[in-house]
Trainee: 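Starting off with a structure, shown below.
Below, chains carry the letters A, B, ... as their sequence lines are ordered, and counting in each starts from 1.
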Protein chains: 2
Amino acid sequence: MADRLPAEGSHRRRRPTKQGTVLSAGLIVETALRLIREHGASALTVRRLGAALGADPSALYRYFRNTDELLLAVADELIGQVWVGWAASGDWRADLRDLGLRMHAAFLAHPQAAVLTAHRTTGGPHETHAIETIIGVLRGAGFPDPAAVAIYHGFVDLGLSQAALDAAHLALPAEAREAERRVWQRTYTSMPAGTHPHLAATGTLLRNEMGRSAYPQLLELFLDAAAIRLPRKAG
Amino acid sequence: MADRLPAEGSHRRRRPTKQGTVLSAGLIVETALRLIREHGASALTVRRLGAALGADPSALYRYFRNTDELLLAVADELIGQVWVGWAASGDWRADLRDLGLRMHAAFLAHPQAAVLTAHRTTGGPHETHAIETIIGVLRGAGFPDPAAVAIYHGFVDLGLSQAALDAAHLALPAEAREAERRVWQRTYTSMPAGTHPHLAATGTLLRNEMGRSAYPQLLELFLDAAAIRLPRKAG
DNA sequence: ACCTGAACACCGTTCAAGT
DNA sequence: ACCTGAACACCGTTCAAGT
């Protein structure tokens with residue numbers, strides 16, 4: 001698919017842009033992440049990215065076929081950040097918990113990019129490493145292959161979908177996020193018991209509950225369920 | 001906030017547009033949903049919506065402050081579709097399973113709209129009804145209020161986040177979706193055992209597993225965990 | 001070989017002018 | 001009172017022209 005685009009490690013000589021930048025796929029991805037982080041998802045436009053790099057916007061099309069291909073590279077880079085400084089402990093449950101929370105944290109550190117990428121399959125090197133390692137943790141723990149694969153699916157989709165949900169909230173413009181907060185703080189804490197008895201009875205509890213992520217609770221529950229599928233060790 | 005915009009049921013007389021349409025918030029929301037459904041999320045632009053309604057794009061700003069406010073109305077409408085034809089059975093577990101699957105189905109029926117709205121708190125009438133009903137099912141089953149509220153949170157966030165994840169995949173342009181399918185069908189089924197032993201061993205299992213949603217599995221597991229928190233009935 | 005710049009076909013939103 | 005139309009400040013992408 002990408003065969004006429006320069007390979008990642010290509011040592012081809014590149015002419016600097018007018019402003020002196022020597023472009024590369026890696027530099028473009030880094031700059032894209034920084035742009036999103038500093039100015040929000042709406043800042044990721046080819047035109048602004050070109051300006052931030054000191055190059056004409058159209059020069060980027062020599063490195064990525066279109067914005068979707070650039071986005072997949074950003075996605076793989078985000079997946080890569082999950083693994084920085086991680087090492088397996090040998091305890092599958094601790095390892096999965098740690099990886100789940102790291103995945104969530106890495107995506108929430110770049111909420112705007114996470115929203116755009118959490119649901120993508122990149123096929124890239126970091127994604128490949130992630131699958132290999134997680135399946136390895138499960139097989140190493142003694143899960144039979146079909147169970148390992150089913151648990152892998154649930155684990156990754158739970159983590160990614162929750163990361164995307166929480167990231168989407170963080171990525172809202174301040175005004176919209178504040179408006180949603182007010183709904184939980186005010187609207188749903190003052191429903192008349194006549195028409196909405198259950199909301200009236202639990203509004204305050206809801207206000208506290210909905211202010212945090214459901215992920216830690218759901219992850220723990222998932223790990224409990226996975227543990228049940230682990231065969232007892234022989235001998 | 002929306003105090004200078006016409007109320008939903010306002011009987012104010014409205015002049016038809018040049019092309020004869022009498023605008024209303026409801027008609028605009030319906031048309032927006034249809035537009036997204038027929039031509040994808042990128043079709044939801046003020047300009048195209050205006051054209052579809054037979055009105056000047058700028059006329060819409062008399063009904064919605066901006067596109068975000070329109071989106072929240074679309075979100076509440078989607079939530080409303082979950083409840084069409086639903087009635088409580090009295091069995092909390094069957095009711096939650098049914099509602100979870102309906103939520104997922106309603107959002108997947110409008111994948112492009114779901115991606116844009118699944119993470120929003122609308123504060124609208126359908127959302128209010130949803131919270132009241134779900135909390136009611138849990139309290140009616142005998143869950144103490146703190147448990148009911150925690151379970152509500154996990155249930156709704158699991159359903160919405162999984163709906164958003166699956167919808168985001170369905171909402172991809174055909175070309176991108178096909179490319180991702182190929183990654184699971186080809187790339188990850190042919191990894192060399194030398195560098196990626198675990199992927200090499202489970203590639204075929206993964207190919208089958210990743211083609212379907214993790215949600216039914218996760219929902220069942222969640223309901224199991226919830227059941228454990230239900231106090232035994234006295235007497 | 002690679003970057004540039006103009007061009008094309010779009011956006012959301014505002015506001016004075018029309019009816 | 002409500003809709004219109006022009007205007008403003010943007011988009012992604014292509015492609016012939018420059019170096």
Trainee: Pick the closest DNA chain D nucleotide for B:Leu23 and for B:Arg47 by heavy atoms, then say which residue is nearer the 5' end.
Mentor: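 Whichever sits nearer the 5' end wins; that is B:Leu23.
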Trainee: Are more than 12 heavy atoms from other residues, nucleotides or ligands located less than 6.0 Å from atom CZ of A:Arg177?
Mentor: yes
Trainee: For a side chain to side chain contact (heavy atoms under 4.5 Å, CB included) with B:His119, tell me which candidate from A:Leu165, A:Val115, A:Leu170 qualifies.
Mentor: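 Per the side chain to side chain contact (heavy atoms under 4.5 Å, CB included) rule, the option paired with B:His119 is A:Leu165, out of A:Leu165, A:Val115, A:Leu170.
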Trainee: For C:dG18, what is the paired nucleotide under Watson-Crick or G-U wobble rules, both distances under 3.5 Å?
Mentor: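 Across all strands, the one nucleotide that pairs with C:dG18 is D:dC2.
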Trainee: For A:Leu44 and for B:Pro57, locate the closest nucleotide of DNA chain D by heavy-atom distance; then report the residue assigned to the nucleotide nearer the 5' terminus.
Mentor: B:Pro57
Trainee: Return the orientation label for the B:His104 and B:Tyr215 ring planes: parallel under 30°, perpendicular over 60°, tilted otherwise.
Mentor: parallel
Trainee: Looking at the side chain of B:Thr17, which of D:dC3, D:dT13, D:dG5 is the nearest nucleotide?
Mentor: D:dC3
Trainee: Please determine whether a side-chain nitrogen of the Lys or Arg among B:Glu30 and B:Arg34 lies less than 4.0 Å from a carboxylate oxygen of the Asp or Glu.
Mentor: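 Result for this pair is no, no salt bridge flagged.
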Trainee: With a non-hydrogen cut-off below 4.0 angstrom, is A:Ser58 in contact with a base, only sugar-phosphate, or nothing?
Mentor: base
Trainee: In whole Å, I'd like the distance from the CG atom of A:Leu60 to the P atom of D:dG12.
Mentor: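 Checked: the CG to P distance equals 10 Å.
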Trainee: To the nearest Å, how far apart are B:Leu70 CG and C:dG12 P?
Mentor: 10 Å
Trainee: With a non-hydrogen cut-off below 4.0 angstrom, is B:Thr45 in contact with a base, only sugar-phosphate, or nothing?
Mentor: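 Sugar-phosphate only.
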Trainee: Under a 3.5 Å cut-off for both distances, is C:dC10 Watson-Crick or wobble paired, and to whom?
Mentor: none
Trainee: Do any side-chain nitrogens or oxygens of A:Tyr61 fall under 4.0 Å of OP1 or OP2 in C:dT4?
Mentor: no
Trainee: Please state how far atom CZ in B:Arg62 lies from atom C1' in C:dA16, giving the value in whole angstrom units.
Mentor: 13 Å
